[in-house]
Amino acid sequence: MGDLLLVRHGETEWSRSGRHTSFTDLPLTDRGREHARALAPLIAGQHITAAFTSPLRRARETAELIGHDDARVDPDLCEWDYGGYEGITTADIQRTRPDWFLFTDGVAPGPPEHPGERPEEVGARADRMLAKADAALASATDGGGVLLVAHGHFLRVLTARRLGLPPSGGALFQMATGTLARLGTEHGRPVLSGWNVTPRS
C-alpha cells in the first residue's frame, strides 16, 4: 500500500502567538499562505489516490493552495476540541495549573457545543480516520498514497496511533505549521518516513 502524507495547515494569527485553536475558524496569514504554496511542488511530486481535509477554513485553504481543492471534507480531521482552553496559551493555562499537559490531562470543559475532548476521544477519532485512509489505500490499484490536511495536535495523535502508541504518544512529535510528514511501512510495519518536511528543510 501507499504512504500517508500529512500536511499541517499554514500559519494563522493564533498559531503564531501560541493560542490553542480548534473550533475558532481563522484564515491563514499571508505567511501561512506562502508556506502552503511552497509545499505544492512537494505534493505534486507524489502520486495521491485520495485526499481528505478538515472542514475548518485554515485546512481547506491549505488543501487548495497545495493543489487539492478536490479534497474530501471529513469532520474527523478537526483539531482537538480545546473546550474551555480555546484561544488560551499553554503559558496562561500553567499559571493556574503548573503541571498541566494537554496529551495526558486533556482540557477544561467548554460551552455545550464545544465541551472539549479527552486524549482518548481524540485517539478514537484518529483511529476512525486511519480506517478511512486504509480503506482508500486498499482500494487503490495504482499504489498511490493518501493525503490528510489537518491540524497539529490532531495529526500528532494520529501519528502516535499509526505507530501503535497511545494518544499521549503524540507529545513526541512536534509538528510545525505548513509542513509535510510521511507515514510509511518497512517490512510490513508502520514507520515514520519524514517529518516537518518543507522546501526549506
Euclidean distance, [Y] [atom2] relative to [X] [atom1], rounded to 0.5 Å:
X     : Y      : atom1 : atom2 : value
Leu28 : Thr177 : CG    : OG1   : 9.5 Å
Leu65 : Arg37  : CG    : CZ    : 5.0 Å
Ile43 : Ile66  : CD1   : CD1   : 4.5 Å
Thr12 : Arg31  : OG1   : CZ    : 11.5 Å
Ser54 : Arg8   : OG    : CZ    : 12.5 Å

>> Apply side-chain hydrogen bond (donor to acceptor under 3.5 Å, both in side chains) to residues Thr53 and Asp74 and explain how you reach the verdict.
In response: CA-CA 6 Å; Thr53 183; Asp74 194 307; over 6 Å; no
>> Show, in sequence, the C-alpha distance, side-chain angles and deciding distance for His20 and Ile93, and conclude whether the side chain to side chain contact (heavy atoms under 4.5 Å, CB included) test is met.
In response: CA-CA 10 Å; His20 287 89; Ile93 296 165; 3.9 Å; yes
Between [Y] and [X], is there a side-chain heavy-atom distance shorter than 4.5 Å?
X      : Y      : result
Trp80  : Pro119 : yes
Val197 : Leu42  : yes
Ile48  : Val146 : no
Leu192 : Phe173 : yes
Leu148 : Met129 : yes
Leu183 : Leu158 : yes
Thr159 : Leu163 : yes
Arg60  : Val73  : yes

With a 4.0 Å cut-off, would you call [X] and [Y] a salt bridge?
X      : Y      : value
Glu11  : Arg58  : no
Glu13  : Arg16  : yes
Lys132 : Asp127 : no

> Regarding Glu86 and Thr24, is there a side-chain donor-to-acceptor distance under 3.5 Å anywhere?
Replying inline: yes
>> Quiz question: by atom type and distance under 3.5 Å, do the side chains of Tyr85 and Arg97 form a donor-acceptor pair?
In response: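 There is such a pair between these side chains.
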>> Please check: side-chain N/O of Gln94 versus main-chain N/O of Trp100, any donor-acceptor pairing under 3.5 Å?
In response: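 Yes; judged by distance alone, with no hydrogens or angles, the pair exists.
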>> Strictly distance-based, threshold 3.5 Å: is any side-chain N or O of Asp3 a donor or acceptor partner for the main-chain N or O of Leu5?
In response: no
> Could you give all pairs that pass the ring-ring contact (aromatic ring centres under 6.0 Å, His included) test and reach residues 104-153, with sequence neighbours left out?
Replying inline: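 Residue pairs with at least one partner in residues 104-153: His9-His151, Phe23-His114, Tyr82-His153, Phe103-His153.
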> Stepwise, does the side chain to side chain contact (heavy atoms under 4.5 Å, CB included) test hold for His68 with Val149?
Replying inline: CA-CA 10 Å; His68 280 275; Val149 183; 5.9 Å; no
>> If you compare all heavy atoms of Arg161 against all heavy atoms of Leu130, which two are closest, and at what distance to 0.1 Å?
In response: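 Of all heavy-atom pairs spanning Arg161 and Leu130, the closest is CB-CD1, 4.0 Å.
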> Given Met175 and Leu6, is the side chain to side chain contact (heavy atoms under 4.5 Å, CB included) satisfied, shown in steps?
Replying inline: CA-CA 10 Å; Met175 191 176 199; Leu6 314 180; 4.2 Å; yes
> Can Leu4 and Arg182 be said to form a side chain to side chain contact (heavy atoms under 4.5 Å, CB included), step by step?
Replying inline: CA-CA 6 Å; Leu4 290 183; Arg182 180 187 293 272; over 6 Å; no
